[in-house]
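Worksheet: the structure to be examined is printed underneath.
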Protein chains: 4
Amino acid sequence: MTTRKEQAEWRREQLLDAALAVFAAKGVDGASVKDIATAADVTPGLLYRYFDSKEALVETLLRERGFLPRLRELLTAGHTGRPARETLIDLLTAFDTLLADNADLVALFFGATRARPALAELTGEGQRLIGAFLDTQVDAGELRPHDTRTAARTLFATVAVNRAMRAPIDITALVGLLYPDER
Amino acid sequence: MTTRKEQAEWRREQLLDAALAVFAAKGVDGASVKDIATAADVTPGLLYRYFDSKEALVETLLRERGFLPRLRELLTAGHTGRPARETLIDLLTAFDTLLADNADLVALFFGATRARPALAELTGEGQRLIGAFLDTQVDAGELRPHDTRTAARTLFATVAVNRAMRAPIDITALVGLLYPDER
Amino acid sequence: MTTRKEQAEWRREQLLDAALAVFAAKGVDGASVKDIATAADVTPGLLYRYFDSKEALVETLLRERGFLPRLRELLTAGHTGRPARETLIDLLTAFDTLLADNADLVALFFGATRARPALAELTGEGQRLIGAFLDTQVDAGELRPHDTRTAARTLFATVAVNRAMRAPIDITALVGLLYPDER
Amino acid sequence: MTTRKEQAEWRREQLLDAALAVFAAKGVDGASVKDIATAADVTPGLLYRYFDSKEALVETLLRERGFLPRLRELLTAGHTGRPARETLIDLLTAFDTLLADNADLVALFFGATRARPALAELTGEGQRLIGAFLDTQVDAGELRPHDTRTAARTLFATVAVNRAMRAPIDITALVGLLYPDER
DNA sequence: CATGAATGAGAATTCATTCAT
DNA sequence: TATGAATGAATTCTCATTCAT
C-alpha cells in the first residue's frame, strides 16, 4: 500500500524524468510545458502542483540531478595500492562513462547554462578534484612533477568536450600523452 | 555621398551585428526579432527586407561570419624556419585569440548547434588541421612521434573549452605538457 | 448540471456560430481571428483549443454546416400523389427557403469557394437532383418532355442567383414559364 | 515619339491590367500590392503615383473596366428585321461571350462585391435591359406575352451563373425552353 | 518618373500559467 | 489529486503606405 507521500514523491520524480528527457531532446526553450506534460502522461495543470514554473523544473533538475556529487564521490574514492597511471585511466574512464550515462543531463547543462552558472561550477569543481588527485600522486612520486593544474584542465576538458561532441576519445592514449609509460 | 547600394549593404551588416550581439547574449531562442530590431534601432519589419526569417539570420551569421575560413588560413599558413614547438605555441595562441575575438560567435555556435551541424563541422575541421600540422612536424623529426590525432584533439579541446568557459589556459604550459622541452 | 463534455461541445458550437456570422459579414479573408473571438466573447487563443487554424474553422463550417445533406433530403423526399407542377413549386420553394434560412452559409460559400470546390459540388449536386426529379415526372407524363437537364439548370440557377442577390423570385411564375398551366 | 501624357496613360493601363490579372488569380484580399507591382514589373511605390490605394485600384477596375456599358450597347443595338427568337439567342450568346471574354473581371466582381454594390447594380441593369427588350418583342407580337420580368431574370441568371461556374449552357435550348418554337 | 528603404499597424499563432470543477 | 478550459502576453511575420533620393 503506497501512502499519499510515496505517491506524491513518485509523481514528482516521474515529472522530472519526463522534463529531463524533453529538455534534452528539444532544448529548454524548445520544449513546451505541454510537451513535458504529454511525455509524463498528465495534464499541464498538474505540473504546477509540483513545480512553480517551467524554470523551477530546470533548476530542480540542475540541482537534484546534477552529477557533481557522483563526480566528487568518484574522484575522492580511495584508489590505494594500484599504480597512479592506471588509477588515472580508471578515473577518467569513470568520468567519461558518467557523462555518457547522463547524456540527457549533459545536453541540458550545455543548453541551460547561458543564464545559469551551473556548468561553470561543474567544470571548476571537476578540474579542482582531478588536480588534487594528481597532486597527491606527484607527491607520492608516482607521476612526473609537471604543472598539475594545467594537466587537470587538459584531461578534464578533453574528455568532456569529446564526449559532448559524441566523439569519445581513447583515454589510455590520452593519459599516455601526458604521462608516458617510461618502460 | 553614399549610394543606395552602399547604404543597403551597411544596413545589412548592421543588422547582422545586432543579431549576433543579441543572439550571443540571450541565445537564439531567447532572442526575439523585436530584440534584434531594437538593438539595431529599426522596426522589426525591416529585418524581413533583408532576411527571410529569424532562422535565415542565424544561418547567415554562421555562414558569413563563421571563423572557420580564418581558422583554416591560420593553421595552414607557412611556419617555415622556426622550431616546431614555438610554431605550435603560436598556432594555439592565434586560435585562442581568434576565439576570444569572436566570443559572441563562439557563444552563438554553442547555443545554436543543437539542431545545426555547424559546430561539429568546426571542431572536426579544427582537429584535422592541427593533426595535419603535427604530422608534418613529426615527419620532420621536430616533435616526438606519438599519437598525433589524440594530441590534436587534446590541444584543440583544451583551448576551446577553456576559452568558451572564459577561463583561458596558459598555452605554453599546455604545449609543455605534451611536448616537454628536453633541454 | 452541465458536464465538462457538454460545456465543451456548447463552446465549440458557439465558436462555429460566431465564425459563420463573421465570415458571412466580412468574408473569410476580411475576418480576423480576433474578430471571431470577439464575436464569441472569448480570447483568440481559445479558438486554437478547438480548431487548429482559421482555415480549419472554414473547413469545419463547410463540412458540418453544409446544407447539401438537407438539400438532398429535400429533393429526394417522396412527393406522391400531388400534381407534378405543384410538387415542383413546393420543391423550389423549399430550396429557396433553405437558402434564405442559411443566408450566412450561402455568403460563406460564395466567398470561400475561390480555392475550395465546395460550391461547384453543391451546384452540380443540386442540378442533378432537380434533373432526376424532372425526369421521373416526364416519364410519368406529368410534365412536357423537353430538355430536362437544361430545365433543371435553369430552375436551379435562377432560384439560387436571385436568392444570393437577395432579390428572391416568384417561384410560381418561374415554374409557369417553363411548364405553363395548360388549362 | 510618345508624349509625357501618352506614356502616363500607357503606364496607368498597364497597372490596371496587372492588377486585374492578379486580383482575378488570388482575389482582392489575397493579392498584395507587391504582387501587383511585380506583375507590372514596377516597384510598389510607383503604384501610388497612379492610384491612391489598393482599394482605389479595385474601384477603378470596377468602374472603368466594367462591362456594363458594353452590355448596354449590346442589348440596345437595333436588331431590326430578324425574328425575335433568333435575336434573343444572339443577344444571350453575346452576353455569354462577353462574360467568357472577361473571366477575370467576372471573378473580380464575384469576389469584390461583398462590400461593394457593383454586382447587384450590374445584374439589376442587365435584367432590366433584357426585360425591356422582351417587352418590345411582346408588343410587336413576336413573343408570347407571359411575365417578361420573370423571363428576363431567368434568362440572365441562368446564363450568368453557368458561365461563372464555368459550365456554359446551351443557349438555344435555354431559349427553346421559354419560347418554344411553335412550328 | 521611378525606386526601394523604412514604418506602423495588425495578422495568425503559441504558450506559460491560473483556476473552477 | 487531477483535469482541461480559459487567458493574456508575446512571437514571428506580412503588408499597405510613405518618402527621401
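As a basis for the values below, the full set of heavy atoms in this structure was taken, side chains included, without hydrogen atoms, waters or symmetry mates. Note on naming: letters A, B, ... go to the chains in the order of the sequence lines (proteins, then strands), and numbering restarts at 1 for each one.
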Quiz item: Could you state the CG-P distance from B:Leu47 to E:dG4, rounded to the nearest angstrom?
Solution: 20 Å

Quiz item: What's the CG-P distance between B:Leu57 and F:dT11, to the nearest Å?
Solution: 16 Å

Quiz item: Is it true that A:Glu64 and A:Arg12 have a side-chain N and a carboxylate O under 4.0 angstrom from each other?
Solution: yes

Quiz item: Is the shortest heavy-atom distance from the side chain of A:Leu16 to the side chain of A:Tyr50 under 4.5 Å?
Solution: no

Quiz item: Which of residues 7-19 of chain C have a heavy atom under 4.0 Å from DNA chain E?
Solution: none

Exercise. Could you check B:Asp41 against A:Asp29 and say which one's nearest nucleotide on DNA chain E is further toward the 5' end?
Key: B:Asp41

Practice problem: Report yes if a side-chain nitrogen or oxygen of C:Arg4 is closer than 4.0 Å to either non-bridging phosphate oxygen (OP1 or OP2) of F:dG4; otherwise report no. | Solution: no

Quiz item: Between D:Val28 and D:Lys54, which heavy-atom pair has the shortest distance, and what is it?
Solution: O-NZ, 3.0 Å

Exercise. Using a 4.0 Å heavy-atom cut-off across all strands, classify D:Ala56 as base, sugar-phosphate, or nothing.
Key: nothing

Quiz item: If you write DNA chain F from 5' to 3' in dot-bracket form, with Watson-Crick or G-U pairs under 3.5 Å, [ ] for crossing pairs and | for pairs with another strand, what do you get?
Solution: .||||||||||||||||||||

Any N/O pairs under 3.5 Å between the protein and nucleotides 17-19 of chain E? List them or say none.
| from | atom 1 | to | atom 2 | distance (Å) |
| --- | --- | --- | --- | --- |
| E:dT17 | OP2 | A:Tyr48 | OH | 2.7 |
| E:dT17 | OP2 | A:Lys54 | N | 2.9 |
| E:dT17 | O5' | A:Tyr48 | OH | 3.4 |

Self-check item: C:Gln7-C:Arg4 side chain donor-acceptor pair, cut-off 3.5 Å
Solution: no

Exercise. Not counting sequence neighbours, which residues clear side chain to side chain contact (heavy atoms under 4.5 Å, CB included) with C:Tyr48? List them please.
Key: C:Val33

Quiz item: How long is the gap from CG on B:Asp52 to CD on B:Glu59, to the nearest 0.5 Å?
Solution: 10.0 Å

Self-check item: Residue list, side chain to side chain donor-acceptor pair (under 3.5 Å) with D:Glu13, at least two apart or on another chain
Solution: D:Arg65

Practice problem: Please work out if D:Ala31 contacts a base, only the sugar-phosphate, or nothing of the nucleic acid, heavy-atom cut-off 4.0 Å. | Solution: sugar-phosphate

Quiz prompt | Atom pair CG/CZ of B:Leu61 and B:Phe51 - distance to nearest 0.5 Å | solution = 7.5 Å

Exercise. Scan side-chain atoms only and decide if B:Asp35 and B:Thr38 contain a donor-acceptor pair under the 3.5 Å cut-off.
Key: no

Quiz item: Which of these, A:Val22, A:Leu47, A:Leu20, sits in a side-chain contact (heavy atoms from CB on, under 4.5 Å) with A:Leu57?
Solution: A:Leu47

Quiz prompt | Whole-Å distance separating the CZ atom of B:Phe51 from the P atom of F:dT14 | solution = 15 Å

Practice problem: Round to a whole Å and report the spacing from CD1 of C:Ile36 to P of E:dA11. | Solution: 11 Å

Self-check item: Sugar-phosphate, base or nothing in reach of C:Ser32, heavy atoms under 4.0 Å
Solution: sugar-phosphate

Practice problem: Taking side chain to side chain contact (heavy atoms under 4.5 Å, CB included) as the test, write out the residues that go with A:Thr43, two or more places apart. | Solution: A:Leu46

Quiz item: Rounding to a whole Å, what distance do you find between C:Glu6:CD and F:dA5:C1'?
Solution: 15 Å

Practice problem: Pick base, sugar-phosphate or nothing for D:Tyr50, based on heavy-atom distances below 4.0 Å to the nucleic acid. | Solution: sugar-phosphate

Self-check item: Interatomic distance, D:Arg49 CZ vs E:dC1 C1' [rounded to whole Å]
Solution: 6 Å

Exercise. Of all the heavy-atom pairs spanning D:Lys34 and D:Pro44, show the shortest one and how long it is.
Key: CG-CG, 4.2 Å

